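After the structure tokens below, expect a handful of questions from me.
Every value quoted in this text rests on a predicted model; they were computed, and no experiment measured them.
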Amino acid sequence: MRYWLMKSEPDEYSYDDLVADGRTHWDGVRNYQARNMLRDDFAVGDRVLYYHSRSKPPHVVGVAEVVRAGYPDPTQFDPEEKYFDPKATPDEPRWYVVDITPVGKLARAVPLAELKQSPALEGMLVIKRGMRLSVQPVDEAHFEAVVEMGGGLATG
DNA sequence: GCCAACGTTGGC
DNA sequence: GCCAACGTTGGC
């Protein structure tokens, strides 16, 4: 099983939105590095740290699980869509999505500043300056450490 | 809201 | 194929 971190602006699509939907297509990723991971490396059962970017402060809010591995992002083919890509065709798709479902909110959201201060998280990508990838691989030890910092998953 | 960092585009 | 210009991300 692999571990990941996925960024979303809570104004666009928050963890609570994911909980309300029950499951979602993680669409709109238009970065090749992130695309490659979605297409090639995500597998059903992988765990995801759900990160709220551009919030005050930015923070890890919960855990999600991959329920469908990479497949072509349908929004790239639809001219009405914000994420339409005229160079993409169904035969040669450019962009991929995965489906995720919520596993649980952290008992306490962990702000970025705290991630940066933790010696256990040395080398974690999200705390690096200028790190803009919206999908990032996470070490298992880092994943577990973040969940622990958040007091585990909230129940109920 | 500002702006540094970084990816992409396109002229040459 | 270089690289300046441009657009976007995302912390602050």
Donor-acceptor pairs are to be reported for all side-chain atoms of residues 105-114 of chain A against protein atoms at under 3.5 Å, with residues two or more places apart or in another chain.
from, atom 1, to, atom 2, distance (Å)
A:Lys105, NZ, A:Asp16, OD1, 3.0
A:Arg108, NH1, A:Glu114, OE1, 3.4
A:Arg108, NH2, A:Glu114, OE2, 2.8
A:Arg108, NH2, A:Met149, O, 2.8

Show the atom names and distances, to 0.1 Å, of all donor-acceptor pairs under 3.5 Å that link a side chain in residues 116-123 of chain A to residues at least two apart or in another chain.
from, atom 1, to, atom 2, distance (Å)
A:Ser118, OG, A:Ala120, N, 3.2

- Query: If you find the nucleotide of DNA chain B closest to A:Met131 and the one closest to A:Lys56, which residue's nucleotide is nearer the 5' end?
  - Reply: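 It is A:Lys56, whose closest nucleotide lies nearer the 5' terminus.
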- Message: Tell me the interatomic distance from A:His52, atom NE2, to C:dC12, atom P, rounded to whole angstroms.
- Response: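 So the two atoms are 18 Å apart, to the nearest Å.
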- Partner residues of A:Asp78 under the side-chain hydrogen bond (donor to acceptor under 3.5 Å, both in side chains) criterion, sequence neighbours left out: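 Scan of A:Asp78 (side-chain hydrogen bond (donor to acceptor under 3.5 Å, both in side chains), adjacent residues dropped) gives none.
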Strictly under 3.5 Å: I want the nitrogen or oxygen pairs between protein and nucleotides 7-11 of chain B, one per line.
from, atom 1, to, atom 2, distance (Å)
B:dG7, O4', A:Arg132, NH2, 3.3

- Are OP1 or OP2 of C:dC12 and a side-chain N or O of A:Lys116 less than 4.0 angstrom apart?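 For A:Lys116, the contact criterion (side-chain N or O under 4.0 Å from OP1 or OP2 of C:dC12) is met.
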- Item | Contacts of type side-chain contact (heavy atoms from CB on, under 4.5 Å), residue A:Arg2, not counting sequence neighbours |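 Listed in chain order: A:Trp4, A:Asp41, A:Asp46.
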- Message: A:Tyr71: which residues meet the side-chain hydrogen bond (donor to acceptor under 3.5 Å, both in side chains) condition with it, sequence neighbours left out?
- Response: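 If we apply the side-chain hydrogen bond (donor to acceptor under 3.5 Å, both in side chains) test to A:Tyr71, skipping adjacent residues, the hits are A:His25, A:Asp99.
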